[in-house]
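FYI, side chains are in, hydrogens and waters are out, and symmetry mates aren't considered; it's all heavy atoms of this structure. A, B, ... follow the sequence lines: proteins, then strands. Residue 1 opens every chain.
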There are 2 protein chains.
Amino acid sequence: MTVQEVQEMVKSIKAKKDKIGGIKQIYFVACGGSLGAFYPAKYFLESESKTFRVGYYTSNEFVHATPKLLGENSMVVLCSHAGNTPETVAAAKLCQSRGATTITFTYTEGSAITKYGDYTVIYEWGPDAICENQKPSIGLRIAFEVLHQVEGYENYEKAVDGFDKIHDIVINAKEHVGQRAKVFAQEYKDEKIIYTMSSGASYGSAYMESICILLEMQWINSSSFHSGEYFHGPFEITDTETPFILLVNEGRTRALDERALTFLNKYGKKIVVLDAKELGLSRIDDTVIEFFNPFLFTNVLDVYNQALAEARKHPLTIRRYMFKMEY
Amino acid sequence: MTVQEVQEMVKSIKAKKDKIGGIKQIYFVACGGSLGAFYPAKYFLESESKTFRVGYYTSNEFVHATPKLLGENSMVVLCSHAGNTPETVAAAKLCQSRGATTITFTYTEGSAITKYGDYTVIYEWGPDAICENQKPSIGLRIAFEVLHQVEGYENYEKAVDGFDKIHDIVINAKEHVGQRAKVFAQEYKDEKIIYTMSSGASYGSAYMESICILLEMQWINSSSFHSGEYFHGPFEITDTETPFILLVNEGRTRALDERALTFLNKYGKKIVVLDAKELGLSRIDDTVIEFFNPFLFTNVLDVYNQALAEARKHPLTIRRYMFKMEY
């Protein structure tokens, strides 16, 4: 979806909603990795918006315990990767029945969820996808756009500029970590548990790495911690045997990640650090840089994940249960 | 804090804020278990409120990446158990400097955080605490009260009635599980990893059990999953060797927990179920019952946790790092 297409879509939604009081609520609704993909957009709006009520729901909870406010002033962004996740399709249908406007993300044109999408976003995915066309990027772009069109966003031009640069930064970073990802894979291939950690907009990246890659695709035990929460419970598990992948952000929450890193360096030993500063994110303007961290991390982690899967002889496509049975 | 005291506190805040446009934002800010304690209140307001913007932040992120909206129309509920958590004290100070009204929770009268509390809540804790005087209950009571006073809440009387009943329900349930908690402790004392899972208002209970008890106090590897998210990644880790503690709610999200239970019963083996229905929560009215699940679970889990600590000869008070060093 091009910049212009996102602008036009938001403009069109705004025009419709303005006749009935405007866009008042923005909900992100999906499951698993598709939900985590919207974390940067949710984080951005919760931080920057002065008028929107923002919600972030796993689809089945949204369907069963629907927020009372859902209605004609709501814009709901939903995602189902293959397009047929039953609870997300049900959520989209519910939204339309309440008069909300739906934007449905999927990579499969014509899939079930698009039936309930007032607007549909077909995104790119996989190792060759253009970063700004991946679902997390388009999610954030919509968030930037809706904030700018409705409230005005003083850093809008810098955000647009960030999208122009992010793909190039990601490509460089992926190349940069190629060798160290192989070393990581050899060193960690026999681990039974790997924790992930980050903060700010990237907490979603830590979550996705934990639930979609380690637990789902590698059957390695895992949890994701928020770097700010680490010191209030989880850090007691730290020792020289327990591996952590730490995503160190550029931007306002960097201090939280650095504090966790300092502690890990002192009391841990198996520490894998992806540092956005070292990976070249600083070409993006300081005022918006924090919101771009997740795109860098998710794509760079992909190099690590491919290497890990290869070293473990456990392809990322293998499942025990998913897509194989009723559940 | 009595019902009347909560009513008066909210009335007083509302009166002040009404002069400048009313209470518009409600933020919950704390770390670890103190944050998790506010999850039911956050969940309730996000579900039921039509006017508030609701936020839920780990303190250090709130301090470093403060939402733009924080200001004189904000009511911020903060908690530090002993009262001196540096980042939560800093958050309370920041809130006051922005003109927000703060309610600071602590069990320590006169502790550092109370200095920045426009209102202070001293709560009960420990095995003999009265359920309705524990911090999660007071948090939810404030949420009920503020919603009722500002918007009107049609189930308010039923909510008040729920608080009248919850302590008795909890006492009965704790007694009811005494024997099975001992069996649990013997069966699971040598486990290296235990997952927790729930949905709705009780996701916070699953989170606290994972980070505060298993990771922090028992050094057992753990993660908490939302029952709705389980099928979108985490369930691939399920096998007959991996233990799960599942908190089955009464109320709207019960279907999500039951779905997880059905799957666990089919493909797992080490499954510990706390079912609010079986534990006697149904004395509380259907319209509000879901919001009371967490108080039941947290208190009943305490019986399990005490038994586990005893069986493992690992007291709940032992720490490697917390309170013992600078971090």
* **Separation of A/Glu216 CD from B/Phe235 CZ (nearest 0.5 Å)** => 7.0 Å

* Backbone N/O of A/Thr238 and side chain of B/Tyr321: donor-acceptor pair under 3.5 Å -> yes

* Asked: Closest approach of A/Glu236 and B/Leu215, non-hydrogen atoms and distance?
  -> CB-O, 3.7 Å

* Under a 4.5 Å heavy-atom cut-off, does chain A meet the side chain of B/Tyr207, its backbone, both or neither? -> side chain

* Asked: Could you state the interatomic distance from NZ (A/Lys24) to OG1 (B/Thr51), rounded to the nearest 0.5 Å?
  -> 12.5 Å

* To do: Look up atom CG in A/Asn60 and atom NE2 in B/His226, then write down how far apart they are to the nearest 0.5 Å.
  => 9.0 Å

* **residues 218-225 of chain B: residues contacting chain A (heavy atom under 4.5 Å, by number)** => B/Trp219, B/Ile220, B/Asn221, B/Ser222, B/Ser223, B/Phe225

* A/Thr253-B/Glu61 side chain donor-acceptor pair, cut-off 3.5 Å -> no

* Engaged part of A/Phe62 at the chain B interface, taking heavy atoms whose separation is under 4.5 Å -> neither

* To do: Tell me, out of B/Gln25, B/Glu290, B/His64, who's got the most heavy-atom pairs with chain A below 4.5 Å.
  => B/His64

* Side chain, backbone, both or neither: which part of A/Tyr230 has a non-hydrogen atom closer than 4.5 Å to chain B? -> neither

* **Under 4.5 Å from any heavy atom of chain B - which part of A/Ile237** => both

* Structure fact -> Most heavy-atom pairs under 4.5 Å with chain A, out of B/Ser49, B/Gly200, B/Ser34, belong to B/Ser49

* Side chain / backbone / both / neither for A/Arg259 at chain B, heavy atoms under 4.5 Å -> side chain

* **Minimum-distance pair of heavy atoms, taken over all atoms of A/Glu229 and B/Thr58** => OE2-OG1, 2.6 Å

* To the nearest 0.5 Å, what is the distance between NZ (A/Lys266) and CD (B/Glu326)? -> 8.5 Å

* With only heavy atoms counted, which part of A/Met325 is less than 4.5 Å from chain B, the side chain, the backbone, both or neither? -> side chain

* Asked: Do B/Tyr56 and A/Glu46 meet the criterion of a side-chain donor-acceptor pair at a distance under 3.5 Å?
  -> no

* Asked: Among A/Ser47, A/Gly33, A/Gly55, A/Ser210, who wins on heavy-atom pairs under 4.5 Å with chain B?
  -> A/Ser47

* What is the ring orientation for B/Phe263 with A/Tyr327, classed by angle as parallel under 30°, tilted 30 to 60°, or perpendicular over 60°? -> perpendicular

* To do: Measure A/Ala30 against the heavy atoms of chain B and call it side chain, backbone, both or neither at under 4.5 Å.
  => backbone

* Evaluate the salt bridge (Lys or Arg N to Asp or Glu O under 4.0 Å) criterion for residues A/Lys68 and B/Glu154: first the C-alpha distance (whole Å), next the side-chain angles of each, then the deciding distance (0.1 Å), finally the verdict. => CA-CA 13 Å; A/Lys68 274 193 180 160; B/Glu154 71 273 27; 2.8 Å; yes

* Pick from B/Gly233, B/Gly228, B/Ala260, B/Ala255 with the largest number of heavy-atom pairs that fall under 4.5 Å of chain A -> B/Gly233

* To do: Mind checking the NZ-CG spacing from B/Lys50 to A/Leu69? Nearest 0.5 Å is all I need.
  => 7.5 Å

* To do: Check the side chains of A/His232 and B/Glu87 for a donor-acceptor pair under 3.5 angstrom, ignoring hydrogens and angles.
  => yes

